[in-house]
Amino acid sequence: MKTRPLGSTGLQVTPVGLGLAALGRPAYIDLGRDADLGDDRGVEALERRCHEVLDAAFAAGVRYLDAARSYGLAEAFLASWLQASGLDPAEVTVGSKWGYTYVGDWRMDAEVHEVKDHSLAALARQVRESRELLGDHLDLYQVHSATLDSGVLSDRAVLDELARLRDDGLVIGLSSSGPGQAATIRRALEATADGVAPFACVQATWNLLEPSAGPALAEASAAGWGVIVKEAVAKGRLTPHGHGPAAAVLERVAAGHGVGVDAVALAAVLANPWADVVLSGAVTPAQLGANLAAVGVELTPGDLEELAALAEPPERYWQERSALSWS
């Protein structure tokens, strides 16, 4: 894959990046996770699995890697892989996030797996932790799941510290979730345009079932922001583990292109001119390879029209997503 700019940030990414949410902790929300990952969820086993997928991703040309403080030991696994590989910071673009803390204690049956905290104290602590692990490889630091009700977009102390981190060399972004994504993105755009926020990148959920953030993401791209898309396969609903009417449509389109349904889901993201990079959440090299086939898929106008009909009301999508269990 060829690299391309992440908006006007100065960073380079590839059309498909690798997200480490499912590789850094034993439990996660994904349909079919038990079949994909297996029973061995020990620290050493997951670090080995994470390194295998990172090796496969780099060999295939993937140059954007995405982690977060709340992804269990994902940052630590990424750091150990970067050290073992001897990669120069210029050879790969690394993003991470602050705002949630992993509290699952490496247990599958943990009552709570992560806790949200968008305070200045949390930012100060977590950026220090991220930098201790990732050092000069850390390029992009994002507010994890910013929402209007969290107050983070109006917290002057937090915004001032993020601006200081920007001036210190980090690109600053935010990620969004929930049915109010578009409003959050637009509020962040307004704050940045008024000079009170340091954001230059957004990571948001967009998929064939939940495309409501698309217009706001187009606005962010037009403003020069980098755009990263997460949850392209809708937590497994747009993979071979999915079922129902969407599965039948995906299978029909995928058959026409000789790829798997997950590749079609990622290709649909890349068909949007505002999308700089879409994240694969693969947990095996084979799954990654299936995802990367998206780069070679050129969906027809007929394909896109058929796939667009799969969209659900945002509230319904997020309600169903919130009902999924950690596995």
Side-chain angles (χ1 to χ4, degrees), residues 19 21-22 25-37 66 68 70-71 97 99-100 104 108-116 144-150 175-185 202-217 228-254 260-269 272 275 278-283 287 290-291 294 304-327:
R25 50 192 170 185
Y28 187 53
I29 302 173
D30 251 342
L31 296 181
R33 181 170 170 79
D34 290 341
D36 292 337
L37 197 60
D66 190 88
S70 64
Y71 294 171
K97 310 178 200 73
Y100 278 77
M108 293 291 296
D109 61 348
E111 186 174 339
V112 178
H113 294 273
E114 55 189 19
V115 175
K116 184 176 185 176
H144 200 164
S145 292
T147 56
L148 296 183
D149 60 8
S150 77
S175 74
S176 64
S177 292
Q181 285 189 111
T184 299
I185 294 165
V202 59
Q203 180 176 147
T205 294
W206 188 99
N207 59 57
L208 292 169
L209 302 178
E210 213 304 56
S212 66
L217 293 173
I228 301 168
V229 173
K230 61 185 175 75
E231 294 189 27
V233 296
K235 294 295 184 181
R237 292 175 63 189
L238 303 178
T239 71
H241 298 298
H243 50 79
V249 173
L250 282 169
E251 288 168 3
R252 186 162 57 250
V253 174
V261 297
D262 49 347
V264 170
L266 270 69
V269 176
N272 294 297
V278 59
L279 297 180
S280 164
V283 296
Q287 198 174 62
N291 288 178
L304 293 171
E305 183 178 1
E306 188 173 13
L307 293 168
L310 299 178
E312 302 174 348
E315 292 75 13
R316 189 173 92 194
Y317 174 86
W318 290 100
Q319 185 176 26
E320 290 187 17
R321 182 189 183 280
S322 67
L324 297 174
S325 61
W326 291 71
S327 62

Evaluation steps, side chain to side chain contact (heavy atoms under 4.5 Å, CB included), between L208 and V269: CA-CA 8 Å; L208 292 169; V269 176; over 6 Å; no

L209 and E320: CA distance, side-chain angles, deciding distance, side chain to side chain contact (heavy atoms under 4.5 Å, CB included) verdict: CA-CA 11 Å; L209 302 178; E320 290 187 17; over 6 Å; no

Evaluation steps, salt bridge (Lys or Arg N to Asp or Glu O under 4.0 Å), between E312 and R237: CA-CA 13 Å; E312 302 174 348; R237 292 175 63 189; 2.6 Å; yes

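With sequence neighbours left out, the ring pair (Phe, Tyr, Trp, His ring centres under 6.0 Å) criterion links Y100 to H144. Qualifying salt bridge (Lys or Arg N to Asp or Glu O under 4.0 Å) partners for R321, counting only residues two or more places apart in sequence or in other chains: E231. Partners of N291 under the side-chain hydrogen bond (donor to acceptor under 3.5 Å, both in side chains) rule, at least two apart in sequence or in another chain, are D262, S280.
Checking side-chain atoms of W326 against main-chain N and O of Y28 turns up no donor-acceptor pair under 3.5 Å. Of the possible donor and acceptor atoms, none in the side chain of E114 sits under 3.5 Å from a partner among the backbone N and O of K116. One N or O on the side chain of R33 and one on the backbone of A22 form a donor-acceptor pair closer than 3.5 Å. Under the 3.5 Å distance criterion, the side-chain polar atoms of R25 are matched with a main-chain donor or acceptor of A21.
Taking the side chain as every heavy atom from C-beta outward, D30 and L37 never approach each other to under 4.5 Å. Side-chain contact check for T239 versus L31: every heavy-atom pair is 4.5 Å or farther apart. A heavy-atom distance below 4.5 Å is not found between the side chains of N207 and V233. Counting heavy atoms from C-beta outward, S177 and T147 have side chains that stay 4.5 Å or more apart. Counting heavy atoms from C-beta outward, Q203 and D66 have side chains that approach closer than 4.5 Å.
The two residues P215 and S212 come nearest to each other via the heavy atoms CD-O, 3.5 Å. Between P240 and V261, the shortest heavy-atom contact is N-CG2, 3.6 Å. A27 approaches H113 most closely through the heavy-atom pair CB-CE1, 3.6 Å. Between W206 and V229, the shortest heavy-atom contact is O-CG1, 3.4 Å. Across L148 and T184, no two heavy atoms sit closer than the pair N-OG1, 3.8 Å. For the residue pair A204 and L217, the shortest heavy atom distance occurs at CB-CD2, 3.8 Å.
A distance of 8.0 Å separates CD1 of I29 from OG of S325, quoted to the nearest 0.5 Å. Between T205 atom OG1 and Y317 atom OH the span is 6.0 Å, to the nearest 0.5 Å.
Looking only at atom types and distance, the side chain of K97 has no donor-acceptor partner in the side chain of S145 under 3.5 Å away.
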